[in-house]
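Reviewing the structure listed below.
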Number of protein chains: 2
Amino acid sequence: MSETETTGSKYTRHSRDDVVGAALALLDGLGLPDLTMRRLAATLDVQPSALYWHFPNKQALLAAVADQIVARARPLPAGVSDWMPTARTEADALRDALLAFRDSAEVVSSTIALGLGSGEAFARLAGALAIGDFEPETARRGASALLHFILGHVSHEQQRMQADSLGVVTRTHSSNPTDAAAGASGREEFDFGVMLLLAGLERQPHSARSLS
Amino acid sequence: MSETETTGSKYTRHSRDDVVGAALALLDGLGLPDLTMRRLAATLDVQPSALYWHFPNKQALLAAVADQIVARARPLPAGVSDWMPTARTEADALRDALLAFRDSAEVVSSTIALGLGSGEAFARLAGALAIGDFEPETARRGASALLHFILGHVSHEQQRMQADSLGVVTRTHSSNPTDAAAGASGREEFDFGVMLLLAGLERQPHSARSLS
DNA sequence: ACCTGAACACCGTTCAAGT
DNA sequence: ACCTGAACACCGTTCAAGT
């Protein structure tokens with residue numbers, strides 16, 4: 001959206017942030033498979049090779065895009081005290097941030113898997129769990145489990161959204177009529193998974209129980 | 001491994017299963033990024049276009065590969081009665097099946113996300129939960145949460161294995177010394193996540209409690 | 001500091017035609 | 001039933017050179 005243009009030069013020049021912004025727009029508009037370096041270059045009126053001044057390769061670009069997406073997650077409302085509602089809120093904020101951009105869960109997921117960035121998502125969940133006084137290892141593993149569930153669930157949700165918009169009729173697992181009837185509003189299923197993990201965590205030893 | 005060869009024809013001919021087998025070997029040997037239609041065709045001594053007689057496109061091929069991987073998961077030992085150890089066993093069997101092939105979690109994950117197959121993984125987990133008398137909807141969501149965690153975790157594990165084998169030094173989330181020191185044998189972390197979900201499920205209403 | 005121009009080494013997929 | 005041959009429309013990345 002905001003194009004950097006320095007005075008008196010021959011071409012329109014772009015900053016690293018311009019490139020990330022354009023990539024984000026392209027991702028949301030066309031989806032991950034159509035986010036190619038060549039197409040991105042075209043929307044910036046630049047040769048493909050120009051992108052390699054800003055990023056060493058496509059993965060690094062995608063990592064920056066993933067960071068942007070996660071960074072836009074709404075911050076915690078001030079004055080929290082209990083770990084469980086805090087963790088629930090962080091999980092919701094993360095899901096909403098992901099749902100704001102098409103195919104974002106896949107981008108964030110692969111970026112995290114490759115260890116290239118977006119540690120912020122993990123840090124926010126771990127921070128919430130730190131409020132309950134779990135063993136550090138327990139908090140780490142809990143945050144990791146939450147993150148895997150969140151990314152997996154939203155990824156699934158986003159793929160279904162895309163499939164639906166294309167009018168594809170893919171019969172999912174279980175010919176059971178229940179799951180067809182259920183509707184499963186996404187949100188409810190998400191909350192259920194988060195709740196299972198938090199309920200499981202609650203049974204882990206805390207050094208101090210919040211009962212005041 | 002087993003090549004179909006019919007008598008008296010000009011070329012070596014292949015069955016659909018031959019193609020899937022070769023794809024599986026290529027995946028395990030070179031990894032998902034190098035599993036290309038052209039390379040696969042080359043290992044079968046065939047033109048790339050020949051593959052499109054067996055499969056409509058690459059995604060369909062990958063779905064068949066994913067089904068193979070999941071189908072090789074060890075079956076349940078006979079005579080189970082409690083849902084919780086059963087679910088734990090299924091989760092372990094699934095993880096082991098995935099760890100048997102490089103990059104398999106990503107293949108299965110994307111196949112499931114696209115709704116193209118491998119409903120068997122979901123079905124096995126759902127079947128285990130069905131032993132406890134949960135609401136059908138609860139069992140469905142529980143199995144879904146388990147599957148998301150399993151695929152996310154193993155996917156992460158496999159990416160780290162590959163990164164390690166390449167000698168990449170990617171500092172993961174949290175500069176905390178604890179997670180560097182922990183070692184986190186994968187297996188333990190996996191069991192912990194599964195345990196959290198099962199402990200959460202245990203607190204859900206069952207119609208009958210197994211206490212005999 | 002940021003980009004061009006040209007090239008390299010690939011991709012997935014289609015389709016008429018062969019055996 | 002299974003494959004060839006040839007083409008189409010793309011990819012990500014490198015690198016010397018320009019401004």
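Predicted model, so just to flag it, every value in this text is computed and none were measured. Throughout, a chain's letter reflects where its sequence line sits, starting with A, and its residues are numbered from 1.
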Practice task
Could you tell me whether a side-chain N or O of Gln158(B) sits under 3.5 Å from a main-chain N or O of Leu98(B), the two making a donor and an acceptor?
Solution key: yes

Handout entry: P atoms of dC2(C) and dA17(D), separation to the nearest Å
Key = 22 Å

Problem - Pair pattern of DNA chain D in dot-bracket, where unpaired bases get dots and | marks partners in another strand, Watson-Crick or G-U under 3.5 angstrom - result: ||.|||||...|||||.||

Fill in the blank from the handout: Rounded to whole Å, the CG-P distance (Asn57(A) to dC15(D)) equals 14 Å

Practice task
Please report, rounded to the nearest Å, how far the C1' atom of dA1(C) is from the CG atom of Leu44(A).
Solution key: 16 Å

Practice task
Could you tell me whether the side chain of His14(A) and the main chain of Val46(A) form a donor-acceptor pair under 3.5 Å?
Solution key: no

Exercise for the section: Using atom CG of Asp34(A) as one end and atom C1' of dA9(D) as the other, report the distance to the nearest whole Å. Expected result: 13 Å

Could you write out each protein N or O paired with an N or O of nucleotides 5-7 of chain C at a distance under 3.5 Å?
{"residue": "dG5(C)", "atom": "O6", "partner": "Ser49(A)", "partner atom": "OG", "Å": "2.7"}

Problem - Residues which pass side chain to side chain contact (heavy atoms under 4.5 Å, CB included) with Ala143(A), listed by chain and number, not counting sequence neighbours - result: Phe122(A), Leu125(A), Ala126(A), Leu129(A)

Handout entry: side chain to side chain contact (heavy atoms under 4.5 Å, CB included) involving Ala64(B) - partner list, sequence neighbours excluded
Key = Arg16(B), Val20(B), Phe55(B)

Practice task
Could you state the atom-to-atom distance from NZ of Lys58(B) to C1' of dC11(D) in whole Å?
Solution key: 12 Å

Exercise for the section: Tell me, please, which residues at least two apart from Asp92(A) pass side-chain hydrogen bond (donor to acceptor under 3.5 Å, both in side chains). Expected result: Arg187(A)

Practice task
Using a 4.0 Å heavy-atom cut-off across all strands, classify Arg16(B) as base, sugar-phosphate, or nothing.
Solution key: nothing

Practice task
Look at the side chain of Val46(A) and decide which nucleotide, out of dT13(D), dC3(D), dC3(C), has an atom nearest to it.
Solution key: dC3(C)

Practice task
Take the protein atom CZ of Arg13(A) and the nucleotide atom C1' of dC3(C), then report the distance between them rounded to whole Å.
Solution key: 6 Å

Fill in the blank from the handout: Rounded to whole Å, the CE-C1' distance (Met37(B) to dC3(D)) equals 14 Å

Handout entry: Under-4.0 Å side-chain N/O to phosphate OP1/OP2 contact, His54(B) with dC3(D)
Key = yes

N/O donor-acceptor pairs under 3.5 Å from side chains in residues 29-41 of chain A, not counting sequence neighbours:
{"residue": "Thr36(A)", "atom": "OG1", "partner": "Arg39(A)", "partner atom": "N", "Å": "3.0"}
{"residue": "Arg39(A)", "atom": "NE", "partner": "Asp34(A)", "partner atom": "O", "Å": "3.1"}

Practice task
List the steps, then state whether side chain to side chain contact (heavy atoms under 4.5 Å, CB included) holds for Phe101(A) with Val107(A).
Solution key: CA-CA 10 Å; Phe101(A) 290 94; Val107(A) 174; over 6 Å; no

Practice task
Would you please name every residue forming a side chain to side chain contact (heavy atoms under 4.5 Å, CB included) with Thr89(A), sequence neighbours left out?
Solution key: Leu76(A), Pro77(A)

Exercise for the section: Output the single nucleotide from dC3(C), dG12(D), dT13(C) whose closest atom is nearest the side chain of His14(A). Expected result: dC3(C)

Handout entry: Asp103(B): partners by side-chain hydrogen bond (donor to acceptor under 3.5 Å, both in side chains), with sequence neighbours left out
Key = none

Problem - Spacing of the P atoms in dA9(C) and dA9(D) (rounded, Å) - result: 23 Å

Completion exercise
Taken in chain and number order and not counting sequence neighbours, the residues that satisfy side chain to side chain contact (heavy atoms under 4.5 Å, CB included) with Asp45(B) are none

Practice task
Would you mind reading off the distance between Asp45(B) atom CG and dT4(D) atom C1', rounded to a whole angstrom?
Solution key: 13 Å

Exercise for the section: Starting at atom CG of Leu51(A), determine the distance to atom P of dC3(C), rounded to an integer number of angstrom. Expected result: 9 Å

Handout entry: Of the listed nucleotides dT14(C), dC3(C), dC3(D), the one nearest the side chain of Tyr52(B)
Key = dT14(C)

Handout entry: Nearest-angstrom distance, C1' atom, dC11(D) to dA7(C)
Key = 14 Å

